[in-house]
Amino acid sequence: MSARFIAVNQLRLDGNERRYLRECIDTGWISSEGPFVKKLETEFAAAVGRKWGVAVCNGSAALEASVAALRLGPGDEVIMPAFTIISCASAVTRAGAVPVLVDSDPDTWNMRVDQIAARITPRTRAIMVVHIYGLPAKMDQILELAAQHELKVIEDAAELHGGSCNCRPCGSFGDISIFSFYPNKHVTTGEGGMLVTDDDELAERCRSLRNLCFQPGRRFIHEELGWNLRMSNLQAAVGVAQLERLAETVRRKCAMGRLYTKLLADTPGIRLPATKTRYAENVYWVFGVVLDDTIPFDAAEAMRRLAARGIGTRPFFWPMHEQPVFQRMGLFGGERYPVAENLARRGFYVPSGIALTDEEIATVAAALKDILR
Ligand SMILES: Cc1ncc(COP(=O)(O)O)c(C=O)c1O
């Protein structure tokens, strides 16, 4: 066992975070009314080439608000990947709409465009695109399909801060895009999220849904139900400091991904994330690995063996059609998505936090090779 446990995420808060937090405390601005919230909204939207940013309390809430903002509801179908976080399908089902799944591409782990096309029906209203683990989905083809069929596009870029697709920033595609600021993200606010859009009306609707649908002038009279999804000035202060060094963070994460790739390149029995595709470079939100069929154990066993060697890991997502909660709701009966199923059983990610050192990466890579021998 190595001397020190290597956690799956180690973050850095050594920029202006402390200074800006002190400013909140000194001025008494700690609620969502404080100036850092607006600053984060403006600067984050600019960073992804959008007109508007609407800060919220987490990425899952941003998905709920985007579904509500686009007025998706009963009778509507929303196409999304089977291989994603529950937040996507729960936002759609809670709105009374139906998630319709597609499988993943085995190389990029992102949703397959041919399957999106095959699943469009007269009830389809939207595509919820999710960029997975550092590589974006094929946005040009997805946007083309959406335009042909007059579908709305929600882009879940929770994991793709600083990523781009055909040289356009992730978060700039479709009607509305969302981000998460959880501590394992390239930009964190502890808990937090952001909706971004170019559409004035959608942005205003998101602001209203975030704030209980209070009405200007008639504050406590409500035409619609919203939520309290507000982000505090304290969270936004951390976010502004984090955003200041996003470019540096992306550079380091890419270097970490390259180092893992170099150290693990010839290891039999595992598949590594693609470093790039024709349309994008991997920004390595996390460094995921997938065990080949030649390995006689699954991801859960690999993670146990790594934990015994002092290495933290996380499993990959478990696909939506295999979620007991959705099966009980009568969704996805008998559907199979073999790539997603394989990723869930044989995929996991290794320590990928921004504070990880090259020496730690070498230790993790050596331990991984050791358990596969
Ligand atoms: C693709 C994706 N969407 C949405 C979310 C939800 O974000 P949050 O944890 O901030 O609610 C996550 C979280 O990691 C995610 O990976």
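Remember, predicted model here, so these are calculated numbers, not experimental data. Counting starts at 1 for both ligands and their atoms, following the listed order.
Remark: R219 qualifies as a cation-pi partner of F214 under the 6.0 Å distance and 45° angle criteria applied to the six-membered ring.
Listed by number with element, the atoms of ligand 1 under 4.0 Å from a non-hydrogen atom of V130 are 1 (C). The atoms of ligand 1 that sit less than 4.0 Å from any heavy atom of N58 are 10 (O), 11 (O).
The protein heavy-atom contact nearest to atom 12 (C) of ligand 1 is I85 CD1, 3.7 Å. Of the protein's non-hydrogen atoms, the one nearest atom 9 (O) of ligand 1 is S180 OG, 4.0 Å.
Note: W318 and F83 fail the aromatic proximity criterion, with ring centroids not under 6.0 Å apart. Between F317 and Y133, the distance from one ring center to the other falls under 6.0 angstrom. For H321 and F326, the gap between ring centers reaches or exceeds 6.0 Å.
Any N or O atom pair closer than 3.5 Å counts here, and S60 shares at least one such pair with ligand 1. Ligand 1 has no N or O atom lying under 3.5 Å from any N or O atom of W285, backbone or side chain.
Here atom 14 (O) of ligand 1 lies nearest to K185 when heavy atoms of E159, K185, E191, M194 are compared. Considering each of T188, D156, N184, the one bringing a non-hydrogen atom nearest atom 4 (C) of ligand 1 is D156.
Under the 3.5 Å distance criterion, the side-chain polar atoms of R305 are left unmatched by any main-chain donor or acceptor of A300.
Atom CG of L343 sits about 11.5 Å away from atom CZ of R346, to the nearest 0.5 Å.
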